[in-house]
Amino acid sequence: MEVPFLYEIVIIFLLSIVVTIVCNRLKLPATVGFLLTGVLCGPSLLGIVSNREAIDQVADIGVAMLLFTIGMELSGDALSRLKRPVFLGGSLQIGLTVLAVTGLAVLEGISYQKGIFWGCLVALSSSAIVLRILQERGSSNTPTGRLSLAILVFQDIMVAPMLLCVPLLAGTLNLSLENALFSVLWVALALGGVLLFARFGLDRLMEAVMRTRTREILLLTTLGLCMGMALLTSALGLSLSLGAFLAGLLLARSQYSMSVISGILPYRDVFMSLFFISVGMMLNVDFFGQHFFSIILSTLLFIAIKSLLTLPAVLIQGYPLRAAIITSLSLAQVGEFAFVLAASGLEAGLFDMTAYQNFLAVSVLTMMLTPGLIAIAPRLANWVAGWRNEKQLEDAKESNSESCPLEDHLIIVGFGISGKHLAHVAHESGIPYTILEMNPETVHRYHGKEPISHGDATQPVVLEHLGVEKARVLAIIISDPAAVRAITIEARRLNPNLYIVARTRFVTEVAPLRRLGANDVIAEEFETSIEVFSRVLTQYLVPRQDIDAFAARIRQMNYRMIRRMSNAVDPLDEVVSHLPDMGVQAMRLGADSPLCGLPLSRSGLRPKYGVTVVAIHRQGEIHASPEPQSCLEADDIIYLFGRTDKLYAVKPLFSGSLKENAAPSKSAEASI
């Protein structure tokens with residue numbers, strides 16, 4: 001029995017494996033490998049695929065699934081924050097691009113109708129490629145990642161109006177007022193029905209599905225909702241991917257969203273691979289060879305013009321130049337929906353076959369260059385923003401004359417969940433602090449409630465304005481790895497004595513950050529693993545002291561390894577390397593502790609618990625190397641030196657929860 005398309009799909013998959021492995025050896029992203037696979041098996045080279053239309057239809061499902069998972073990863077709060085970037089940033093990006101391209105076309109003697117059409121083609125960017133690369137790089141939740149998503153969502157919304165404009169621009173539109181009103185009414189009724197279902201039926205449906213405890217039913221429900229919403233929006237004249245994105249947003253409200261997304265991810269990746277391959281098939285190698293230099297020049301001009309036209313859409317929202325440059329370069333390619341628009345324009349006579357082939361060649365090249373552009377964007381943005389900053393240094397110094405009056409303070413870079421928690425405990429502890437956030441909406445929301453200001457911390461002038469030279473601690477709590485590295489470098493250069501704590505996602509990023517000057521690097525991956533085993537051991541009723549000792553030992557082993565990897569030259573690190581399991585811990589003495597009122601000589605801290613008191617902080621004064629006769633009082637802060645596991649084990653004694661084990665022994669008279 002012969003299965004349609006099976007032969008082509010098997011050959012495509014086998015060829016993509018070989019090409020992707022070669023690309024991996026050459027340090028090229030998998031996306032480029034899939035695009036090259038499409039070029040190889042396309043009609044201009046090997047000609048493996050005979051039914052391109054079927055492959056394109058399967059590829060469209062991959063785009064829809066990508067937007068579905070993106071929608072599921074957005075919480076209601078994140079979506080509400082994206083409203084302004086979507087409509088303001090998206091409309092400005094498309095509007096400026098269409099106006100600029102139309103103006104250039106008119107100057108070249110081309111009709112304004114064709115200029116508008118070309119402007120629409122240029123304005124669209126690839127959601128599939130950009131969002132996939134951002135996910136792979138872990139940059140989806142960075143400010144530039146959210147900005148890119150917002151503009152891409154608006155572009156997808158505008159695909160339908162652009163398609164409707166094609167016959168209007170070509171002069172072939174015959175639409176009566178009655179038909180227009182009927183279309184608007186039909187769209188309103190359909191979307192209203194979807195909202196009603198989401199409000200009253202979706203939660204009940206998902207609960208019934210989860211009660212079956214059957215993964216197959218959950219997967220079928222997920223695919224049914226995703227593809228059903230995509231088909232509905234397609235029937236309304238909108239894109240498939242926009243419907244899938246809406247379905248993802250609806251399911252994101254469900255408490256079972258993580259189960260849903262884990263089931264669909266493997267299918268999404270397979271279909272997405274087919275999408276990239278289908279794009280590569282569009283490139284006509286013969287035409288490309290004949291017009292090589294003109295296509296290369298057109299590609300470079302396209303990237304430059306589109307990047308420059310996207311910049312104002314980001315800058316006008318209050319984001320710094322660095323974020324604008326990164327976002328602009330991320331969107332400097334042709335979008336997948338531009339191919340659909342181009343086919344409609346070719347059929348309507350808005351351009352000829354030569355122009356169409358030129359457009360396809362430039363489109364495929366820009367898509368292939370996108371991974372490289374996104375990779376170099378942070379470095380290019382740092383260079384451009386730094387050069388611009390030097391030119392404005394004198395003006396900035398004048399404003400810095402009224403800079404932060406704080407001294408010995410804490411600087412918090414990033415005001416997400418972690419930043420808010422840190423600010424709260426700093427406020428409760430009486431620690432002076434200031435906050436820097438790059439999202440203007442967050443700054444506006446907390447202005448007057450927190451000492452927050454807007455700016456890009458990678459710029460030295462901004463750090464100087466925050467008083468980095470007089471600060472004690474800098475906490476970098478943002479999700480952009482390139483920005484974390486740049487901030488660490490500048491902060492260490494401006495204040496060699498500053499204590500820098502940085503958050504990162506993966507353990508592999510810890511050593512490079514320490515080499516750049518960070519004192520402490522908290523890896524979410526590592527700390528999450530500790531929290532997981534702590535919760536598991538708690539369920540098995542392992543004593544809390546033992547769990548804390550395990551965690552301390554693992555932390556010591558991990559960070560000792562990282563210190564060796566980072567080639568630390570700090571003298572303190574050199575000392576610690578000889579005492580790998582030792583540390584200093586501050587403990588507040590609770591009123592219920594059995595140690596209250598006892599002299600150090602009778603506390604038993606050294607012989608019984610293996611820790612030494614090196615200082616006592618009392619009523620604003622620090623008493624270093626206290627005498628054995630020194631009495632301990634409630635609310636004292638005791639500085640203990642000892643092995644890390646011993647320090648964790650003694651913690652309950654200071655709060656009073658180890659009263660039964662705390663009776664001082666007579667042999668402890670000379671314990672200090």
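Just so it is clear, the values below take in all heavy atoms, side chains as well, and ignore hydrogens, waters and symmetry mates. As the structure is a computational prediction, the values presented were derived from the model and not from experiment.
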Does Arg492 have more than 12 heavy atoms from other residues, nucleotides or ligands lying within 6.0 Å of its CZ?
yes

Side-chain donor-acceptor pair present, [X], [Y], cut-off under 3.5 Å:
X	Y	answer
Glu450	Tyr433	yes
Ser126	Gln333	no
Thr144	Arg322	no

First locate atom [atom1] of [X], then atom [atom2] of [Y], and finally report the distance between them rounded to the nearest 0.5 Å.
X	Y	atom1	atom2	value
His424	Ser429	NE2	OG	9.0 Å
Ile522	Arg503	CD1	CZ	11.0 Å
Ser307	Leu373	OG	CG	7.0 Å
Ile305	Leu308	CD1	CG	8.0 Å
Leu463	Asn495	CG	CG	10.5 Å
Ile376	Arg379	CD1	CZ	7.5 Å

Are Ser127 and Leu131 close enough that some pair of their side-chain heavy atoms sits under 4.5 Å apart?
yes

Any Gln93 side-chain heavy atom under 4.5 Å of Gln155 side chain:
yes

Any donor-acceptor N/O pair, [X] side chain to [Y] backbone, under 3.5 Å:
X	Y	answer
Lys306	Leu124	yes
Glu469	Leu494	no
Thr327	Ala324	no
His409	Leu466	yes
Thr370	Thr366	yes
Arg514	Asn519	yes

Electrostatic pair Arg535:Glu531 at N-O distance under 4.0 angstrom
yes

